[in-house]
Amino acid sequence: MSKGVTPQSKNFSAWYNDVVKKADLAEHGPVKGTMIIKPYGFALWDNIKEALDGMIKESGHTNAYFPLFIPKSFFAQEAKHVEGFAKECAVVTHTRLKSVDGDIIVDPESKLEEEVIVRPTSETVIWAMYKKWIQSYRDLPLLINQWANVVRWEMRTRLFLRTTEFLWQEGHTAHATAEEAEEETLKILEIYRRLAEEILAIPVLIGRKTEIEKFAGAEHTYSIEAMMRDKKALQSGTSHNLGQNFAKAFNVTFQNKDNQEEMVYATSWGVSTRIIGAVIMAHGDDKGLRLPPKVAPFQVVVIPIFRNDEQKKVIVKYLNPILDTLKNNLVRTKVDWREESPGFKFNDWEMKGAPIRMEIGPRDVENNQVVLVRRDTGEKNSINIDEISEIINKMLSDIHDNLFAEATEFLRANIIKTDSYDEFKKIINNGGFIRCGWDGTSETELKIKEETGATTRVIPFDENPKNLKCIYTGKPAKHEVIFAKAY
RNA sequence: CGGGGUGUAGCGCAGCCCGGUUAGCGCACCUGCUUUGGGAGCAGGGGGUCGGAGGUUCGAAUCCUCUCACCCCGACCA
């Protein structure tokens, strides 16, 4: 096993790092906390992005692009927002370097009058623009999304989960009424749920964030929360109802049908490259990644097996019509012609999580068959090439369903209801989500966090606080909440 | 920012305490032959001046001073 990865059971963190590296997804950049997303990892992101972008557009949003740089003064406008981000902003103070005695230094003469902030998120620039764009109710709703990079100078970073710079989409919408903004916020949350469950095969809990956990500057925040295989939570997408906070901060008003001036209502929402971390940790096993077929860079990886050039020629000839068939069926296929042994390639593609492996050797050519091996179950079958497209399509869909079912069962089995704080502490220690009553106060939340490391993940939509008592204070519960240790 | 640690070949490390010929090892890489249905073998080969600067010394990867970077643990976070 020396060539494999650290087993999950031994050290989940080490397993994660090993897999990211060995599956060739990403590596560290030269500046602390930065990440190089390698071609295989980026192909995965591209597929996720394409799926999400499609859903965002389908629901009436259009893409645009706003600048990376934001004037410092823009951050003065929304107090809570600043408070939330001030401690992690990269600030541009100079615009030039110069060479002094062979050393490169920042040219002091190039100091900027007003420093420029590298966006940690784009609410402020976007709302400064929206002010110009919105005058009438006819300008609303304004439904814009952008794919961008943002920078948050975090203390502790981990590839995909928390990097100094990350990629994401951020949606920013403006509405005429509070109801419409709320509807939008929930509509997006549903898109995120579908992305997680229907595309990535990751079951999620959905609900509202508490005051403490909500976005800086939001009225309230909704999120999708996934359970990783170490039973910790990963917030995988958030949708914020910003109320009129940003409209007030940037003085964005419109005239309604009754000729009255009103403040605009806003939402913002985002999914980042962090979701790749969710894919890794929700499905991966000790052999490596198990990628959901809908986003796997290669859905079928072909391993040709031959002993000499003549056999290779035979395989190529045999393979060509099969590849054509798969291509016509829009199956993403890769033939691994590398000069490595088949055994090496089997392991390598298991590490990389390719959903289906197709082995083709002399035996298969002779019998008009191919060997298919499922990554999720390890199941191995010989099939006749005449049935190849139906079988592969079915298998890809089965793999998705199976990954989802497995993760759903895992989630279900590890959400525990309790009313005992002792049991709460035990469960949090061993890993798992807790569903329990909470008195609704931030004090209680903070104390629990301090004592156990667990935070509230969401107030689930299907909560039922009646007859429940707060897990900590014993007072009547205001809400039923999910507590867990989170990434 | 507090505590701990590490910088020697592309990667992972040994050597350093007790200075001394051409600085080693594993993986990776290159060439050749044999292999190839679960991580191939043998033979040959290329590549580093030891994070940086200064100092001690006949001599420094090794001792001293300064400095830079990164990693791990904490407070903060999608």
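Only a predicted model underlies this, so the values are computations on that prediction, with no experimental measurement involved. Scope of the values below: all heavy atoms of this structure, side chains included, with no hydrogens, waters or symmetry mates. Per chain, numbering begins at 1; letters A, B, ... match sequence-line order.
- To the nearest angstrom, P of B:A78 lies 18 Å from CH2 of A:W269.
- Distance noted for atom C1' between B:C42 and B:G24: 23 Å (whole Å).
- Taking only side-chain atoms of A:N347, from C-beta outward, the nucleotide of B:C71, B:G38, B:A78 with the closest atom is B:G38.
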Determine whether A:Y222 and A:F461 satisfy the following criterion, ring-ring contact (aromatic ring centres under 6.0 Å, His included), listing intermediate values before the conclusion. CA-CA 10 Å; A:Y222 298 107; A:F461 287 144; 5.6 Å; yes
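- Dense packing is recorded around NZ of A:K232, with more than 12 heavy atoms of other residues, nucleotides or ligands lying under 6.0 Å away.
- A heavy-atom distance below 4.5 Å is found between the side chains of A:L52 and A:Q169.
- You'll find that the side chain of A:T163 is closest to B:A78, out of B:A40, B:A78, B:G38.
- The residues A:D309 and A:K313 are annotated as not salt-bridged, no charged nitrogen and carboxylate oxygen being separated by less than 4.0 angstrom.
- Straight-line distance between the P atoms of B:C25 and B:G47: roughly 14 Å, to the nearest whole Å.
- Protein atom CG of A:D18 is 17 Å distant from nucleotide atom P of B:C11, rounded to whole Å.
- Here the nucleotide nearest the side chain of A:P362, chosen from B:G37, B:A78, B:U36, is B:G37.
- Remark: A:K334 is not positioned above the aromatic ring of A:W349, lacking an NZ or CZ atom under 6.0 angstrom from the ring centre and at most 45 degrees off the axis.
- Going from the C1' atom of B:U31 to that of B:G46 covers 10 Å, rounded to whole Å.
- Counted by atom type alone, A:E211 and A:S442 present zero donor-acceptor pairs between their side chains at under 3.5 Å.
- Put simply, CD1 on A:I305 is 17 Å from P on B:U35, counting in whole angstrom units.
- If A:G237 and A:K21 are placed on RNA chain B by their nearest nucleotide, the residue sitting closer to the 5' end is A:K21.
- Across B:U67 and B:C72, the matching C1' atoms stand 22 Å from one another, rounded to whole Å.
- At a threshold of 4.0 angstrom between heavy atoms, the contacts of A:F166 include nucleobase atoms, whether or not backbone atoms are also involved.
- For B:C66, the paired nucleotide is B:G52, the pair qualifying as Watson-Crick or G-U wobble because both relevant distances are below 3.5 Å.
- Remark: B:C76 base-pairs with no nucleotide in the shown strands. Criterion, Watson-Crick or G-U wobble with two distances under 3.5 Å.
- For the pair A:D24 CG and B:G10 P, the interatomic distance rounds to 18 Å; values are reported in whole Å.
- Atom C1' of B:A9 sits at a distance of 15 Å from the matching atom of B:G45, rounded to the whole Å.
- As a whole-Å value, the separation of A:E339 CD from B:U36 P is 15 Å.
- Among the heavy atoms of the strands lying under 4.0 Å from A:R357 is at least one base atom, whether or not backbone atoms are also near.
- Side-chain contact check for A:Y472 and A:E451: at least one donor-acceptor pair (N or O, by modelled atom type) lies under 3.5 Å.
- Separation of the P atoms belonging to B:G5 and B:C64 is 15 Å when rounded to the nearest angstrom.
- Base engagement by A:E359 is indicated by at least one non-hydrogen atom pair under 4.0 Å involving a base atom.
- Looking at heavy-atom distances under 4.0 Å, A:L234 makes no contact with the nucleic acid at all.
- For the C1' atom pair drawn from B:U49 and B:C16, the interatomic distance equals 16 Å after rounding to whole Å.
- Nucleotides B:G26 and B:A43 are separated by 12 Å at their P atoms, to the nearest Å.
- Searching all strands for a Watson-Crick or G-U wobble partner of B:U57 with both distances below 3.5 Å returns nothing.
- Nearest-nucleotide positions on RNA chain B place A:N308 closer to the 5' end than the other of A:K449 and A:N308.
- Residues A:E182 and A:H220 have side chains that bring a donor and an acceptor to within less than 3.5 angstrom of each other.
- Among the nucleotides B:G37, B:G39, B:A78, the one closest to the side chain of A:F344 is B:G39.
- Under the Watson-Crick or G-U wobble criterion, with both distances below 3.5 Å, B:G12 is paired with B:C25.
- The side chain of A:S341 has B:A40 as its nearest neighbour among B:A40, B:C71, B:A78.
- Within 4.0 Å (heavy atoms only), A:F215 reaches no atom of the nucleic acid at all.
- Across all strands, A:S272 comes closer than 4.0 Å to base atoms (heavy-atom distances).
- Rounded to an integer number of Å, the gap from A:K22 NZ to B:G39 C1' is 11 Å.
- A:E340 places its CD atom 15 Å from the P atom of B:U36, with the value rounded to the nearest Å.
- Of the candidates B:G37, B:A40, B:A78, B:G37 carries the atom nearest the A:R363 side chain, counting heavy atoms from C-beta on.
- If you check B:C42 for Watson-Crick or wobble pairing at under 3.5 angstrom, you find it paired to B:G32.
- Between the base of B:G39 and the side chain of A:D348 there is no donor-acceptor pair shorter than 3.5 Å.
- In this structure, the nucleotide among B:G38, B:G37, B:A40 sitting nearest to the side chain of A:V371 is B:G37.
- Between the side chain of A:E350 and the base of B:G39, no donor-acceptor pair of N or O atoms lies under 3.5 Å.
- A:G361 comes within contact range of at least one nucleobase, with a heavy-atom separation under 4.0 Å.
- A:K352 has its NZ atom 17 Å from the C1' atom of B:G38, to the nearest Å.
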